[in-house]
Structures are given as C-alpha cells and as structure tokens.
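Since the structure is predicted, the reported quantities are computational estimates derived from the model, not experimental observations. Side chains included, hydrogens not; waters and symmetry mates left out as well; all remaining heavy atoms used. To find a chain, count down the sequence lines: A is the first, B the second, and so on, and within it residues start at 1.
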Number of protein chains: 2
Amino acid sequence: MSRQPTEPKSARLKMADIAKLAGVSTSTVSRALAGNPSIPQALRDQISELARTHGYVINQSARSLRLQRTHTIGLIVPLGHERDQLITDPFFLEMIGRLADEITGRGYEVLLNKVVAPRADWLRRIVQSHRSDGLLIIGQSDQHEALNALADTYRPLVVWGGDIAERRYCTVGSDNVAGARLATQHMIAQGRRRIAFLGLPGAPEVELRREGYLQALREAGLSPYPELSAPAHFTIESAEPSVRALIDSGATFDGVLAASDLIAVTAINTLTAAGRTVPDEISVVGFDDISLARYSAPPLTTVRQDLATGARTMVDLLFRRIEGASTESVFMTPELVVRGT
Amino acid sequence: MSRQPTEPKSARLKMADIAKLAGVSTSTVSRALAGNPSIPQALRDQISELARTHGYVINQSARSLRLQRTHTIGLIVPLGHERDQLITDPFFLEMIGRLADEITGRGYEVLLNKVVAPRADWLRRIVQSHRSDGLLIIGQSDQHEALNALADTYRPLVVWGGDIAERRYCTVGSDNVAGARLATQHMIAQGRRRIAFLGLPGAPEVELRREGYLQALREAGLSPYPELSAPAHFTIESAEPSVRALIDSGATFDGVLAASDLIAVTAINTLTAAGRTVPDEISVVGFDDISLARYSAPPLTTVRQDLATGARTMVDLLFRRIEGASTESVFMTPELVVRGT
DNA sequence: AGAACTAACGCAATCGATTGCTAAAAGTTC
DNA sequence: GAACTTTTAGCAATCGATTGCGTTAGTTCT
C-alpha cells in the first residue's frame with residue numbers, strides 16, 4: 001500500500017496521536033477542539049492544552065474533505081483582455097490587498113488565482129475543484145458570458161465590474177458611465193472642445209466609461225471625433241505607443257479622458273515628452289484615483305472609486321450569498337477629484 | 001450518519017460517477033486522468049472526454065489528503081511591526097503580484113496569508129495545518145526568531161528580507177547596507193552635510209539601511225546626528241506626522257534618506273507643504289523604486305530593488321527546496337537611480 | 001496443448017477529521 | 001433498591017481520490 005510519503009523525522013501529528021496521549025478517542029478530541037459542550041469543560045481544556053504543547057493543528061485537507069467546506073475564498077483575476085501576463089496595474093493590486101484584508105479579517109483564507117487567456121470552462125473547473133467556498137472575481141475582463149453561465153448554477157459569486165446589459169451575476173462596482181460623464185463635463189466646462197478617449201475596448205468597464213464620455217459630448221452639443229480614440233492597454237508599456245500614435249496622427253485635441261490612472265499618467269508623460277504642456281495645452285483626466293494620482297506631476301485630476309467600501313461590500317455580499325441569501329448588485333457613485341490636470 | 005450537506009440540485013460529481021458512466025472502476029478513472037500508461041490510450045482518451053463533457057474535476061481536498069501534497073504555495077505577509085492592518089505599501093503589493101505570477105506560472109496555487117500581531121506559534125500553525133507545500137514570507141518584520149526556529153525543522157521556506165546576523169533561514173533580498181550607503185554617498189557628493197534618516201526601527205531591513213547610512217556618514221568624516229532620525233512607518237498616514245515632527249523640531253537638515261519610497265514621497269509632500277523646496281533646499285532619496293517614484297513631482301531619486309528578479313529567485317529557490325535540495329541565500333546589489341530629488 | 005508471460009484493470013486499504021447513534025456510567029426520584 | 005434521566009464518550013461510517021497487489025484474459029513460446 002502507500003509508502004512513507006514525506007516528512008522524514010518530524011512526525012506528522014494527527015488527531016489520533018493526541019487522543020492516545022489524552023487517553024481518549026479521536027471523537028472526543030475532535031469535539032473537545034471544536035468546543036462541543038457535550039465534553040466536560042475540564043477535559044476540553046486538558047485536550048486543548050495537550051494539542052497546544054505538542055503543536056498539533058487540525059489537518060485542513062481532511063477537514064475540508066469531511067465538511068465539504070474549505071474556509072477559503074477564491075480571489076480571481078481574469079486577464080483575458082490583456083496580452084500581458086503580469087498583474088501590474090496598481091488598481092488591481094490595491095484591490096487584491098483590500099479584499100485580502102477583508103477576507104482574512106473574517107477569519108477566512110484567500111486563494112489567489114490569476115487566469116490568463118481562459119479556456120471556455122475555466123470557471124467551472126475552479127468551482128468543481130472544490131478549493132474554495134466562494135469566488136470573488138476582480139474585473140469582468142472579456143468573460144461576461146462565462147460569468148453569466150456560472151451564476152445560473154453557482155451562488156457564492158461576486159464580481160467587481162460594470163453594470164452591463166443581460167448581467168445575471170451579483171456585481172459591485174462604480175457607475176462608470178456617470179463617472180466618465182462627470183469627468184468629460186468637467187473638461188468641457190473648462191473650455192475643452194476636442195477631447196480624446198484612451199482605453200482598450202473589450203473590458204466592459206472601459207466600454208461604459210466610453211459611453212459616459214460620449215454622452216457628455218452629446219449633451220454639450222459636441223460631436224465625437226472618431227479619430228480621437230486610442231486603444232490603450234492597462235499597462236504602462238502598452239499604453240505609451242497608443243498615445244504616441246495619437247500624437248503622431250496629427251489630430252488636434254485639447255483634452256484626454258483616460259480609462260485608468262495608469263493610462264492617464266502615461267499619457268501625461270508621453271505628451272510632455274512630445275513637447276505638449278499639461279494642463280495648459282491639453283487637459284488630462286484619469287479614472288480610479290490610485291495613490292500614484294496624488295503624486296504625479298502635476299497631480300492628476302481623476303474620477304475616484306472608493307476601493308475600501310467596494311472591497312468591504314464585495315466581501316459582505318459574498319458571505320451573505322454563502323449563507324444562502326440573495327443579494328442585489330451595488331454600484332457606487334464615483335466622485336471627481338479635481339487636481340492639477 | 002452524515003446528512004446531505006450542501007448542493008441541492010447540481011449534483012457534486014465524483015470520480016465514482018465518471019467510473020459508472022464509463023463502465024470501469026474508479027481506479028481506472030484515476031489512472032486514466034493521471035495519464036498512467038498502464039491504461040490503454042484509447043480508454044484514457046474516452047474517460048478524459050467523458051470527464052470533460054460532464055464537467056468533472058478532481059476534488060482537491062481529497063487529493064491533497066491522499067497525496068499529502070496540496071499543490072499550493074503559501075504567501076505570507078507578516079505585519080508584526082505595523083500597527084496598521086492593511087497591506088498598503090505598493091512595494092509589498094507589487095511583490096505579491098510578482099510572486100503570484102511566478103507561482104501560477106509554474107502551475108501552483110497561491111494561498112495568501114496576512115498575519116497581524118502574530119502569536120508565538122503562528123508559523124508552526126500555518127505549517128501544521130498542511131494547507132501548502134511551501135512558504136514564502138514577504139519581509140522579516142519582527143519575526144526573525146520565529147523564522148529561525150521554523151527553519152530548523154521545516155525546509156520549504158524562503159524569506160524576502162535582509163541579511164542579518166544569526167540567520168538560519170534561506171533569504172532573498174537586496175544588500176540593504178550597500179544600497180543605503182550608495183544613496184547617502186550620493187547626497188554627500190552633492191554637498192549635503194546634515195542628512196536625516198526616516199524609518200521605523202524594528203524591521204531588519206530598516207536597521208540595515210540605517211547601518212549603511214551611518215557607514216557612509218562615517219566614511220565621509222561626518223558624525224551622525226541623533227536628532228535627525230524619525231521613526232516613520234510604512235504607510236502614508238503614519239509617516240506624515242513623523243516628518244512633520246522632524247520639521248517642527250527646528251533641526252536643520254539638507255538631506256533625507258527615507259527607508260522606503262512611500263516615506264520619501266510623503267516627506268517631499270510634507271516638506272513642500274511646510275515651505276521647503278526639494279531638491280534645492282533639501283535633497284530626498286528613497287528606497288525600492290516603486291512605480292510611484294518615477295511619477296512623483298519631482299521624480300524621486302531612489303535605490304532600486306529588482307523585484308522581478310527577486311520574485312523569480314525566491315520561487316526558484318523554494319521549488320528547489322521542496323524537492324529536497326539545499327540552497328544558498330541570495331542578496332542582490334541594488335542600484336541608485338538618480339532622478340530629480 | 002501446456003507453460004510462461006504480459007497487459008489491463010479491479011479490490012480494498014489508506015489519508016485524517018467529523019458526527020449520528022448508542023452504550024455505559026453516573027445521578028435522581030420515589 | 002428499582003426505574004428513569006442525564007452525562008460522557010466511543011464505534012464506525014463517511015468525505016473522494018490514490019495505489020500496491022492480485023486476478024483475469026490474452027499472447028507467445030516450446
């Protein structure tokens with residue numbers, strides 16, 4: 001049968017070992033460690049003490065198998081829309097940090113899962129592997145349909161993203177349309193007339209921000225300029241060529257709405273390097289309000305998303321869903337932070 | 001015995017179900033899915049296809065229990081030295097992102113574990129819970145002794161941190177002393193004479209950077225100024241009061257070495273708000289070279305740590321240790337990036 | 001044809017913890 | 001002291017996958 005697997009010297013302690021030491025059965029140890037009142041307090045204390053001094057901790061694989069619960073939340077970053085393999089956008093990183101804080105704060109573990117170029121059944125595979133009790137998805141990427149399909153049969157799922165049509169999964173996010181509209185209106189109010197939009201279509205949130213941008217133009221009686229649109233990715237490296245291409249196209253513009261702060265900062269740098277001045281000649285507004293925005297030169301005007309609240313809300317909703325409740329999606333109203341651009 | 005646990009309708013598929021469908025035993029299904037050549041190719045394909053169409057995926061809890069392997073790496077962020085509960089420093093976040101990329105790139109899962117105000121036995125508990133096959137610790141925090149104790153009996157462990165005395169665990173990091181020395185020498189070469197150090201003692205990396213700073217002063221024949229030292233934390237919120245206190249103390253200084261970029265940027269802002277000019281009056285140098293450094297105003301001069309290489313090295317070493325090999329620690333030579341401060 | 005092999009696959013034990021049922025021990029009541 | 005209740009704790013099944021050993025059927029050789 002099975003051979004001695006690993007652990008050469010330092011014996012793996014199991015519950016049976018503690019049971020033997022305490023002179024009771026494993027049932028009793030299990031109940032004692034779980035604080036079950038059918039074991040007298042004195043015995044419970046004695047067993048707990050024994051476990052502590054011997055450094056015994058319950059084996060989580062065995063526990064998860066038996067209980068069909070893992071005490072773990074899966075944190076998933078789908079990168080279907082990005083060629084780049086790395087998690088580099090500070091917004092995503094900060095989101096991961098905050099969600100991890102919220103989850104560990106509730107005593108759960110975090111299983112971090114980056115998914116690049118997903119296969120059709122990737123979500124189901126994650127669910128079926130039974131490694132987590134619930135899933136948080138950071139960004140819809142281009143996986144809207146996969147999420148819809150999953151949501152029909154899998155309840156404990158909350159997605160950070162935009163409010164797009166035909167959405168059947170529970171979502172938390174900002175009102176992207178309103179945010180972009182706000183930003184665009186601000187530039188128009190400053191007298192800008194030819195405003196470019198930087199962002200790679202594909203991710204719903206970018207599409208929605210573009211939608212808000214177009215709305216604001218329309219409301220101001222301005223017609224959108226198809227040539228003033230650059231497919232900037234969400235990484236510094238890939239955004240720069242797009243901005244440069246826009247400059248080189250010879251198109252004239254006096255404002256830029258970027259789909260993210262990272263793109264905005266890249267735009268500022270590229271524009272400045274090309275001899276344009278920000279904000280005198282060209283005004284730039286970002287989206288997210290990552291910490292970088294406050295420190296860029298000049299400080300970036302941007303649309304603020306409240307990540308702290310967003311993360312807390314996501315985790316709240318997820319735990320309610322794990323308990324079987326139904327939950328409504330939540331979209332927060334973003335806020336324009338006017339700084340120097 | 002055990003009641004119907006969860007899953008009301010959508011049946012949990014198990015290997016036995018696939019076995020029944022295929023008209024074979026679970027042994028055969030297990031071997032087929034594992035690609036075991038003792039099962040004929042045709043049958044293997046047929047079983048795999050059956051599993052795919054029915055959306056069957058191996059239950060990882062059961063697999064881990066049986067194999068005594070979890071196919072998971074634990075990523076641990078100890079926050080013993082910070083009052084703050086949140087993972088906010090961009091350096092840590094970027095480190096998490098890069099490590100996660102490296103680990104998932106090798107087909108392993110990432111279990112993210114933030115540990116605040118650790119109890120004495122926290123590390124052993126994590127190990128004994130058998131949730132991961134190896135541990136990566138991001139930063140020594142104030143847990144040097146705990147790490148030493150663990151390393152004596154637990155092999156698959158790699159720590160990001162500084163090269164401190166009596167260290168028995170495998171470590172990857174920068175030569176913090178050399179980095180800080182370089183930065184300080186640079187400021188001295190620029191004619192700065194009264195250079196302050198900002199950083200909270202407690203974390204070894206900060207101590208080492210302070211050591212390098214003192215070395216450079218000594219080498220230049222300058223005596224250190226005890227009053228020019230502020231215990232800045234690693235978050236924006238807590239670093240600012242320290243800087244302000246330094247300013248308010250009335251001490252004169254013409255240079256600042258910060259223990260991290262976040263502290264440096266905070267210092268610049270606080271100094272500027274107090275009417276001092278950077279770098280004319282006061283020169284500021286940071287440590288880490290996070291992306292923010294490049295975009296701050298003015299762009300931050302800083303000591304660059306190569307995170308990409310660091311993360312890759314850590315994961316490489318860890319996997320070698322998991323396979324039973326012994327490994328040497330690695331300390332990279334940091335590089336001074338001269339920008340505008 | 002019979003012996004000697006090999007290929008294919010099933011049996012059943014195992015990983016470690018949980019828990020419904022039940023039995024023994026202890027305590028109450030009349 | 002009998003009958004009954006309550007307390008305490010063990011038995012054994014269970015979660016789902018893996019794998020050493022053994023069995024059956026099929027080949028090859030003498």
Any side-chain N or O of [X] under 4.0 Å from OP1/OP2 of [N]?
X	N	value
A:Ser30	C:dT18	yes
A:Tyr56	C:dG16	no
A:Ser25	D:dG10	yes
A:Arg66	C:dG16	no
B:Gln68	C:dG16	yes
B:Ser27	C:dG10	no

Between C:dG10 and B:Arg31, counting only base atoms on the nucleotide and side-chain atoms on the residue, is there a donor-acceptor pair under 3.5 Å? yes
So what does A:Val29 touch, heavy atoms closer than 4.0 Å: a base, only the sugar-phosphate, or nothing? nothing
Using a 4.0 Å heavy-atom cut-off, does A:Ile58 contact any base of the nucleic acid, only the sugar-phosphate backbone, or nothing at all? sugar-phosphate
Rounded to whole angstrom units, what separation is found between the [atom1] atom of [X] and the [atom2] atom of [N]?
X	N	atom1	atom2	value
B:Arg63	C:dG16	CZ	P	17 Å
A:Asn59	D:dA17	CG	C1'	15 Å
B:Asn36	D:dT18	CG	P	11 Å
A:Lys14	C:dT18	NZ	P	14 Å
A:Leu13	C:dA17	CG	P	9 Å
B:Leu33	D:dT19	CG	P	13 Å
B:His71	C:dC15	NE2	P	23 Å
A:Ile39	D:dT7	CD1	C1'	10 Å

Side chains of [X] and [Y], heavy atoms from C-beta outward: is any pair under 4.5 Å?
X	Y	value
A:His130	A:Thr70	no
A:Tyr169	A:Ser329	no
A:Thr171	A:Asp163	no

In Å, rounded to the nearest 0.5 Å, how long is the span from CZ of B:Arg98 to CZ of B:Arg312? 9.0 Å
B:Thr28 side-chain proximity, nearest of D:dG16, C:dG10, C:dA17: C:dG10
Nearest to the A:Pro40 side chain among C:dT19, D:dA9, D:dG10, which nucleotide is it? D:dA9
So how far off straight is the helix from C:dA1-D:dT30 to C:dC30-D:dG1, going by the axes through five pairs at either end, to 10°? 50°
Of B:Ala62 and B:Pro37, whose closest DNA chain C nucleotide lies nearer the 5' terminus? B:Pro37
Let me know which of A:Leu99, A:Val315, A:Ile322, A:Leu112 forms a side-chain contact (heavy atoms from CB on, under 4.5 Å) with A:Ile73. A:Ile322
Audit row: B:Ile137, B:Val158, side chain to side chain contact (heavy atoms under 4.5 Å, CB included) steps and yes/no: CA-CA 6 Å; B:Ile137 318 270; B:Val158 176; over 6 Å; no
Using the ring of each side chain (for Trp, its six-membered ring), is B:Phe319 parallel, tilted or perpendicular to B:Tyr108, with breaks at 30° and 60°? perpendicular
How do A:Ser38 and A:Thr26 order along DNA chain D: which one's closest nucleotide is nearer the 5' end? A:Ser38
When you check the gap from the basic side-chain N to the acidic O, do B:Arg52 and B:Glu49 get nearer than 4.0 Å? yes
